[in-house]
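Just so we're on the same page: letters track the sequence lines, and every chain starts at 1.
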Amino acid sequence: MTDEKHPATENMAPIGAVPSGDGVLDTGPMPTNPPRSQWREVWGQFIRHKGAVAGGIVFLVILIGVFIGPYIWTIDPSYIDIRARNQGPSLAHPFGTDQLGRDMLARMMAGGQTSMLVGIVAMLIALFLGTLIGVVAGYYRKLDGVLMRMTDLFLALPLLPLLLVMVMLFRDSLSKAFGPETGIFILMVTAIGITSWMPTARIVRGDVLALKEREFVLAARSIGTRNGMLIGRHILPNVISPIVVSATLGIANAIITESSLSFLGLGFPPDFPTWGRLLFDGVDYMQQYPERVILPGLAISLTVLSVNYLGDGLRDALDPRIRGR
Amino acid sequence: MLTYFTRRLLLAIPTLLFIGLVIFLLLDLAPGDPTAQLPLTIPPAVREQIRISLGLGEPLPIRFFKWMYQFFIVEPQVVIDSIFGTSFSAGDARVLSWQTRSPVMDIVWQRIPQTLWVVGTAYVVAIIIALPIGIYSAYRQYSIFDNVGTFITMIGFSVPPFFSGVLVIVIFSVNLGWFPSIYDTTLVVNDWDSFMQQLQQMILPVMVLALQITSQLSRFMRASMLDNLNQDYVRTARAKGLGEKSVVLVHVLRNSMIPVVTVIALGIPQIFGGAIITEQVFKVNGIGQLLITAIQANDVPLVQTLTFIFAILIVLFNLIADVLYGLLDPRIRYD
Amino acid sequence: MLDQALARIENLRVEFETKDGTVVGVEDVSFSIRPGETVAVVGESGSGKSVSSLSLMRLVEYGGGTIAGGRMIFDRKDGQELDLATAAPDLMKTIRGNEIGMIFQEPMTALNPVFTVGKQLTEGLRVHMGMSKDEARARALELMKQVRIPEPERRLNQYPHELSGGMRQRVVIAMALACEPRLLIADEPTTALDVTIQAEILALVNRLKNETGTAVMFITHDMAVVAQMADRVVVMFRGNKVEEGPVEQIFENPQHEYTKALLAAVPKLGEMTGKPLPEPMKLFGAVDQKIAPIPGENRPLLEVRNLTTRFAVKGGFFRSTVAQVHAVEDVSFVINKGQTLSLVGESGCGKSTCGRSVLRLVEPNSGHVWLDGKDIIALGQQGLRKARLDMQMIFQDPFASLNPQMNLSDQVAEPMRNYGTHKGADMHKRIEMLFDRVELPRNFMRRYPHELSGGQRQRVAIARALALNPKLIVADEAVSALDVSVQAQVLNLMMELQAEMGISFLFISHDMAVVERVSHRVGVMYLGRIVEIGSRQAVFENPQHPYTQALMKAVPVADPHRRKKESELNFKPIPSPIHGLDYEPEPSVYRQIGEDDHYVLITDSGY
Amino acid sequence: ERGADGHLNIIYWQAPSTMNPFLSGGTKEVEASSMVIEPLIRFDEKGEMVPMLVSEIPTVENGGVAEDLKSITYKLKEGVKWSDGSDFTAEDVVFTWEYCTHPEGGCAQSSYFDGVASVEAPDPLTVKVNFTEPKPFPYTAFVGSESPVIQKAQFSECLGAKAPECTDANFGPIGTGPFTVDEFKPNDVISLSANENYREADKPAFATVTLKGGGDAAAAARAVLETGEFDYAWNLQLAPEVLEKMEAAGKGEVVVAFGTSVERLHLNQTNADSSLGPDERSVFMNGENKHPFLTDPAVGKALSMAIDRQLLVDVGYGKAGKATCNVLPAPEAYASTANDDCLTQDIEGAKKVLEDAGWVAGADGVREKDGMRLSVLYQTSTNAVRQDTQALVKQWWNEIGVETELRNVDASVFFGGDPSSPDTFQKFYADIEMYTNNFAGVDPEAYMANWRCSEIPTPKTQWQGSNIQRFCDPAYDEIVTEMSKTADLETRGELAKQMNDMIVQGYSIIPLIHRGGQSAHAKTLAGVKMTDWDSELWNIADWHRVE
Ligand SMILES: Nc1ncnc2c1ncn2[C@@H]1O[C@H](COP(=O)(O)OP(=O)(O)OP(=O)(O)O)[C@@H](O)[C@H]1O
Ligand SMILES: Nc1ncnc2c1ncn2[C@@H]1O[C@H](COP(=O)(O)OP(=O)(O)OP(=O)(O)O)[C@@H](O)[C@H]1O
Ligand SMILES: [Mg+2]
Ligand SMILES: [Mg+2]
């Protein structure tokens, strides 16, 4: 249909008959703030959330510390200075040294890189899988049963044997393709990711089931929106809140799962520092050198806390209903 | 409701069979060997003999069906026999652990009490603590209490138990000497003294576990309360002249509990599954410790049976959670 | 009637702390209510009606508001006067629900979904009157009878969702009345309900007032309801009282500009009597408004034949279909180009389903739909998508049908993006044009739905429906949720568009006055069937089916001299539309009335 | 007096899973069962034989061992009773042999009966073990805690495939030892009480014993050394400074005993290049397919010289380790002294050795020769101490120009024999691997025989075999044969040293640390004689309480 059939359309005059704007019949107080760009607005709301700002700053400091830090503090984290073993904090080693004389500050930074990456990447995998499966299960009725039973299956799968199988099947090819350290990283992260998407999937599915019944979804269909777009434009943005929460908890969960795997002897190799591994190694020395548990413990907790507050703020900022207030 | 329940139960059977198959294949694929923990002084030929005597020589499908048969046919018969003194199961081979060469289910039964004592108590304690915290945090959102609560629960969530566990042992067992660091599973509670002893040895592990569970539950509770506090019916209740206490604790709570109760129900399989690390740290030797030692020893029958029981519980409690949801929320009807 | 006022509000001011600073909900309001009197508080959305009433209950505090000034003197049972604005919370507890009862706007959400009706009813009784469980229950039963709920004993054990909207509202009223309050505040108790239930409830409140001498503060924006109920009227505008007076005076001799505008915006049943074609409303204060009848064309655009839509009721062991909801049953009608057909009827009679079936948003079971000669039912998914270029829908609830996460320009742009009809700057220009067309400021384009008033939202929905230049728009209760004045604007807008662009409307509504205003033809639905269909004039001026007649009778008239008595109303409860699988409904057979195409169903409709 | 000292608390952080050492050959099971069932002869803390159920140790001199070395005859002590009160007889001993050698039984200790043709019981107190070949060291069957005697009456229904079905017997064997099982909770806790029928009337001093399992080494050590909840803790492989700190609390002491365990590096003699197919990678092909550089003794020598063994001990083992240069460090009669130079680190020397052999440093500091880089993959099982060792060794090797990539594998996979896994130590898909091995008892004959050419694991044998580094020297095989025919202890000692030196100087194995067992007991517990030759609990009958 073209406009030619209705030549009037383009230059239709406003209906002057209806007073509007400042007219008598304007309906009460309306938001009067000037319109802002969407992302500016999100940002504006975000920086007004005190917790989020504090969390963001801490998170940023940690990120900078572990990723930029090594360029400033250039000691090799695996360099062994055997004469300097088990030292307390000093100028030469601000965080002290470990039982082989490796510099703890350098190890904390190297460990932080791995831990942060594990947290973020595993979370992203879990989030992607969880959202995908949740949305598909919620949106396509026919797949719901199968997908939800699959979630049950994954809930029941034991992580450790799974990890062993993955190590056996993929380690060699991965370390050939990416080098041994990246290879094991990919394995760990995938294993953690694919064993922790289930809660997200459940929550997202529940929300999608409810959303699907909302009228705007029907409205979208009535204006010719295809399924893919419908999910992308209408469903996903409306489940962002549970997804953000899952992301927050996901990072924490991944970091902690990794450290628990160290405890069970299946985490990263002991010469591959991560915060979880450093914490685990430090536990034996807790009484002699308390800083060895306090430092990595603090790093993990701070990260988790900051991510949590960051998530709170992000969720509020992404929700236009809250944002307007 | 009843038909819904039975329908879901029937559907659960193929699901479980499939899960069983997947677990079986996964464990079969996993590298490792039941003789790995034996000293290297035992020569390879002997190891091979041991493997054959464990039944590892048989082809995969036979092993799978044997296991399924034993699990679903023989083991229930054994239970019936032990209750009624019958002898249906006589002569049938049961699922045997490779480590102990004894029936897997017997070991599992042996482990359940301590797991329930410790993990179960922790769960109950956590619920008792988490709910009030969640309720009050939501009622006074963004108050000091709420902020401090958030802070502590997030810390609780972020500290791995292998650290917090050892920390409390060092503080309370080593330095203060108040509580034992090792859980005595042989303790029989039959009088006040032994009960106190049991309490003493439970306190530390329960503390560590409850901290984690509380952290998560209180977040759920808070969110759910927040959802309900601004509902219209709350205003109606106030307009009736009800006190704040009954408004919050009767009207709001009842509604907020609906999702939380199902979350709690879904957590129950975890109780039976044990808490691997906490049990290990405090030597509680419950189901979690059983699973991890079995995995380390490549005790496949034990691992697959435990995992499968866990799968059954998950499927079952998923169902229970759904049913509970329907019971608690009169709006939901399953037929 | 005593002269002594029961409650006096003096210079009330209420403020809310928000992130954007302090918002004044009520600026300066004073009025009083005497015992046995009904004071209607009218005014537009956001004018502070609810806030005033909530302040009287001291419930604003729980919504984040503070009473920043003024006094609210309440005459207590013992004759002592009390300033509610400063009363202690404990004292307020004994007043709320006991001496002042309140009926809330939304019957659907005002009840706690997880407690039985009985429990919620007895709660107040036990707190205030110290009754035992059995006593309270007996009293509750009495109350249920008083509000005329059928089968009261069974209802006490039911949950709110098991009752219909009207029944729920009556439960809320019973709750408010439980302790025989001396002041009853009713905050828009009927806005969300359809005429028949509304009529019942209004009659009930009136009866109670007469029987117990309770004073009533009745909040509404529906002038017809005011005319039915009020002794005195308080008109509010933007947080202030602008006019006050006896009901007759307000209707006959309004003083304030706003009151006049309000009255002008009310569509009155019978206004169109004698006019064959619909025409826009005369709006107050509007200069050079062209009011011309809209003729339309005499060519059919949409033809619906024997449309039937049923919903499966699943159950049993294998979740098989055990019964069906006969939502739309053998419905046929024709809409001409540029004309409007209205469907009216009680809640749940299948109007929305019918509209959706035409667009195939719900798959009909059988029947035919031709749009401009194209067989819609026969189309595949691709064809259907294409066909929807020509037919659009405006949904019942403007808020629900807009995606809360998308800004307005994206929402309006979406259909164009979907079909690729316009792109880039071209599309942008068209969006601006559409915004202008529906009278939305262009700087609203980046706003989100929640930042708009109901009327503005509905205009967005209209703009979206217009974006593709459709030939047919199904308008499902497009104005039901709106204020009278906004409603008038939206109605006029729709009619203007129809006149200019030749759009046809399938207009679904339960508001008879609105239907009378906009339609060329009217179909009355009952239990899935059209029981009467014909030109608007024929159906309204010469209703033939008994249901149509009852419906007409229930419509409140915006004239205080023509109040309806409860005895005039006579509604039967609606039978269930659910039937077993083997139920074979008879085909709809119609009898023609007179010369025009005015038909009445002669098949048994269940009424 | 029996039972006078009350209760004894023992903690084994790895809990025993059965009390039948024939069904599970794990150390923890063997040790736990040694409180209940006994062999005829045990080894004491010095590795010397102590008669337990026999009146004296049979030798050629006293006629107990046949001149042709083809049989040995034990005289059982009189009056020994099983804990159920029945008599201990030669029939029980014969039955034990039948039980463990049953082809379907999968007996974990059946190697103790290798070469045993038959066991006879000419009379109730005489047991005669006949060998198929002359056996210069005949003290294998029924000697040491891994080869105890079980009661015929209890196990007669449990032969072969039926063995696992006798759960009650496996969990509570009737024995001749000082204690009997009251309750056995697999992998958790064992409750025992004094055996009423123990042959020494005043022993054991403890009335009851609890052997608790679970946790980790640190927790076990803490329970004995710091909180005093337990009296004895086993296998405390902990960082030396941690253990010292705990010991300083004053509640208990750490005891160490050395046996034959040596932590060593195995240098793969075959090519383990990952680009090779499964039929070639790490497969021994009679001298073909040799490792590109690890077969060069200069490289092995340099690798060995670069290591500071004492430092490894200090960092990871403390009291429980000694630097060593021999795969066969004990007993003394067999320990060579020819290689002791390696005890001192010599980085410069190592560099020179490589330099002389033509390995010169390339641009990145890694030495090369003929385009071959000295780059090794060094693997071991996952274990904190081993990873520290790896890290240190890697650093030293880097210093001498050897590039090192580290890998560690989960112990259950590494030591598991799953032929489909690429990570088992037998498959050896790496250049160098590190672990500990030892031999049971005091005779190294079988142990040294491990490195015969025929013992090399290959795909054909499903990678079974004990010659892990794929060492093959016909001369070595000859000495093995010679030793199996030599009865004279001194000559046997010489032969063993010769073999040790061949292996060590050929640099197919680089010994690092002679490891001991490390346990802790409360100060109030006396009588502990820690040994690594037998069960640590071998003399639990003598343990008692002191103030
Ligand atoms: N909780 C609140 N926070 C902030 N502002 C509020 C709040 N409640 C009401 N307001 C503001 O107070 C003003 C009066 O609102 P009120 O609810 O009394 O309107 P109303 O006359 O009842 O309208 P309606 O007919 O839509 O119910 C409005 O401008 C509204 O935005
Ligand atoms: N998706 C559905 N599944 C099952 N039954 C439905 C569904 N949608 C509507 N119904 C039933 O079909 C009947 C007609 O509903 P419909 O929404 O068309 O009524 P309506 O006339 O639009 O009412 P209202 O004025 O309340 O909007 C009702 O009995 C309703 O319960
Ligand atoms: Mg209102
Ligand atoms: Mg409708």
Exercise for the section: Work out which heavy atom in D/Ala221 is nearest to a heavy atom in D/Met246; give both atom names and the distance. Expected result: CB-SD, 3.6 Å

Problem - Portion of D/Tyr447 that has a non-hydrogen atom of chain B nearer than 4.5 angstrom - result: neither

Fill in the blank from the handout: Turns out that what part of D/Phe184 lies under 4.5 Å from chain B's heavy atoms comes down to backbone

Handout entry: Separation between CG of B/Asn285 and CD of B/Gln114, rounded to the nearest 0.5 Å
Key = 7.0 Å

Problem - D/Pro457 to D/Ile468 - nearest heavy-atom pair and separation - result: CG-CD1, 4.3 Å

Practice task
Go through the atoms of D/Glu104 and report whether side chain, backbone, both or neither lie under 4.5 Å from a heavy atom of chain B.
Solution key: backbone

Exercise for the section: Using non-hydrogen atoms and a 4.5 Å limit, figure out which bit of D/Ala161 sits close to chain B: side chain, backbone, both or neither. Expected result: neither

Exercise for the section: Pick whichever of B/Asp299, B/Val174, B/Ile295, B/Asn175 has the most heavy-atom pairs under 4.5 Å with chain D. Expected result: B/Val174

Handout entry: Test of ring centre spacing under 6.0 Å for D/His266 and D/Phe425
Key = no

Practice task
In plain terms, say whether D/Lys212 and D/Asp188 are close enough for a salt bridge, that is, a side-chain N and a carboxylate O under 4.0 Å apart.
Solution key: yes

Problem - Largest heavy-atom contact set with chain D, pairs under 4.5 Å, which of B/Arg51, B/Glu48, B/Arg47 - result: B/Arg51

Practice task
Can you tell which part of D/Thr436 gets under 4.5 Å to a heavy atom of chain B, answering side chain, backbone, both or neither?
Solution key: backbone

Problem - N-O pairing of D/Glu455 and D/Arg452 below 4.0 Å - result: yes

Fill in the blank from the handout: The interface call for D/Ser17 against chain B, heavy-atom contacts under 4.5 Å, is both

Handout entry: Region of B/Glu279 in contact with chain D, defined by heavy-atom distances below 4.5 Å
Key = neither

Handout entry: Region of B/Ile182 that comes under 4.5 Å of a non-hydrogen atom in chain D
Key = both

Problem - Contact winner vs chain B - D/Val189, D/Asn187, D/Thr227, heavy-atom pairs under 4.5 Å - result: D/Asn187

Problem - Per-residue contact mode, B/Thr293 against chain D (heavy atom under 4.5 angstrom) - result: side chain

Fill in the blank from the handout: Among D/Glu29, D/Lys28, D/Glu226, D/Lys185, the residue with the most heavy-atom pairs under 4.5 Å to chain B is D/Lys185

Completion exercise
Cut-off 4.5 Å, heavy atoms of chain B, and the answer for D/Tyr112 is neither

Exercise for the section: Would you mind checking which part of D/Pro16 comes under 4.5 Å of any heavy atom in chain B, side chain (CB onward), backbone (N, CA, C, O), both or neither? Expected result: neither

Handout entry: Qualifying salt bridge (Lys or Arg N to Asp or Glu O under 4.0 Å) pairs, either residue in residues 100-113 of chain B, two or more places apart
Key = B/Arg94-B/Asp106

Practice task
Establish, yes or no, whether a centroid distance under 6.0 Å links the rings of B/Phe282 and B/Tyr183.
Solution key: no

Exercise for the section: Anything under 30° is parallel, anything over 60° is perpendicular, the rest tilted; go ahead and classify D/Trp13 against D/Trp234. Expected result: tilted

Fill in the blank from the handout: So, the part of D/Ser191 with a heavy atom under 4.5 Å from chain B: the answer is side chain

Less than 3.5 Å apart, which donor and acceptor atoms pair up between the side chains of residues 21-28 of chain B and the rest of the protein, not counting sequence neighbours?
{"unit_1": "B/Asp28", "atom_1": "OD1", "unit_2": "B/Arg63", "atom_2": "NH1", "d": "3.1"}
{"unit_1": "B/Asp28", "atom_1": "OD1", "unit_2": "B/Arg63", "atom_2": "NH2", "d": "3.3"}

Handout entry: Under 4.5 Å from any heavy atom of chain D - which part of B/Gln110
Key = side chain

Problem - Under 4.5 Å from any heavy atom of chain B - which part of D/Cys166 - result: neither

Problem - B/Trp67/B/Phe308 aromatic ring centres below 6.0 Å - result: yes

Problem - Residue, of D/Gly214, D/Ser466, D/Gly228, that accumulates the most heavy atom pairs under 4.5 Å with chain B - result: D/Gly214

Exercise for the section: Verify the neighbour count for atom CD of B/Gln200: are there more than 12 heavy atoms of other residues, nucleotides or ligands below 6.0 Å? Expected result: yes

